[in-house]
Amino acid sequence: MITLQGDSVYLRALEPDDLEFIYQIENDEKMWEVSNTITPYSRFLIRQYLDNAHQDIFEAKQLRLVICKNNTFKAVGLIDIFDFDPLNQRAGVGIVIKETAERSIGIGTEALGLLIDYAFKTLQLHQLYANINPTNVSSVALFTNFDFTCIGVKKDWNKRENQFFDEAIYQLINKL
């Protein structure tokens, strides 16, 4: 089981008990913008996903970890490595903190720092990238805080409510 420990948060592997938490996030229409989801997920599908969450990152090409505050097992967010490409030593990264009150107290910053360290030191990745709506000031600030650089903007990339929005690509090269 993966556990990455920080000063005030830790990242842990998914557990069957996370079903309701993931169900709430995946079915929150406000979150669909960042996950490119357009339909709800059933508990059945999420349970199947959790049943297969034990797969190795090399097999699944992704890794989803739960963000928890220290001294508690309660999930406050999720952080993902996706599009894992070991040949080219790169992957995408995404993060979501469920409650608005939890978003401005450093949880995301510490979680992202733990994940970057894991990706570069343990997985030996050369680079990480994130797809961010340029108007999402909080996400831009979070990633640029770790020296992610905007390397391009895909114009009118995502459609929501009959309107198109840009998507910026942020990249971090491992300089270790």
Using a 6.0 Å cut-off, check whether atom [atom1] of [X] has over 12 heavy atoms from anything other than its own residue.
| X | atom1 | value |
| --- | --- | --- |
| Lys121 | NZ | no |
| Asn88 | CG | yes |
| Asp156 | CG | yes |

What closest approach, in Å, do [X] and [Y] show between heavy atoms, and which atom pair accounts for it?
| X | Y | answer |
| --- | --- | --- |
| Ile67 | Ala111 | CD1-CB, 3.8 Å |
| Tyr10 | Lys69 | CE2-O, 3.4 Å |
| Leu125 | Arg90 | CD2-N, 3.7 Å |
| Phe148 | Val93 | CZ-CG1, 4.1 Å |
| Gln62 | Phe84 | N-CB, 4.4 Å |
| Val76 | Phe21 | C-CZ, 3.6 Å |

**Prompt:** Is Asp18 paired with Arg64 through a side-chain N to carboxylate O contact shorter than 4.0 Å?
**Reply:** no
**Request:** Check the pair Gln171 / Thr149 against side chain to side chain contact (heavy atoms under 4.5 Å, CB included), numbers first and verdict last.
**Result:** CA-CA 5 Å; Gln171 180 183 45; Thr149 303; 5.7 Å; no
How long is the gap from [atom1] on [X] to [atom2] on [Y], to the nearest 0.5 Å?
| X | Y | atom1 | atom2 | value |
| --- | --- | --- | --- | --- |
| Glu110 | Leu11 | CD | CG | 8.5 Å |
| Leu128 | Ile81 | CG | CD1 | 7.0 Å |
| Leu78 | Ile25 | CG | CD1 | 4.0 Å |
| Ile22 | Glu20 | CD1 | CD | 10.5 Å |
| Ile169 | Cys150 | CD1 | SG | 8.0 Å |
| Asn131 | Asn136 | CG | CG | 12.5 Å |

If hydrophobic clusters are built by linking Ile, Leu, Val, Met, Phe, Trp and Tyr wherever their side-chain heavy atoms come under 4.5 Å apart, do [X] and [Y] end up in the same one?
| X | Y | result |
| --- | --- | --- |
| Leu65 | Phe58 | yes |
| Tyr129 | Ile116 | no |
| Ile95 | Leu123 | yes |
| Tyr118 | Phe143 | yes |
| Leu4 | Val9 | yes |

**Prompt:** When you look at Phe82 and Leu63, which way does the side chain to side chain contact (heavy atoms under 4.5 Å, CB included) test go after all the steps?
**Reply:** CA-CA 7 Å; Phe82 61 90; Leu63 174 66; over 6 Å; no
**Prompt:** Strictly by modelled atom types, are Asn70 and Gln5 linked by a side-chain donor-acceptor pair under 3.5 Å?
**Reply:** yes
Determine whether [X] and [Y] make a side-chain contact, defined as any pair of heavy atoms from C-beta on separated by less than 4.5 Å.
| X | Y | result |
| --- | --- | --- |
| Leu172 | Gln127 | no |
| Pro86 | Lys61 | yes |
| Cys68 | Val66 | yes |
| Glu167 | Asn133 | no |
| Leu115 | Phe146 | no |
| Gln89 | Asn174 | no |

**Message:** Suppose we screen for side chain to side chain contact (heavy atoms under 4.5 Å, CB included). Which residues come up paired with Val140, at least two apart in sequence or across chains?
**Reply:** Ile132, Thr144, Tyr170
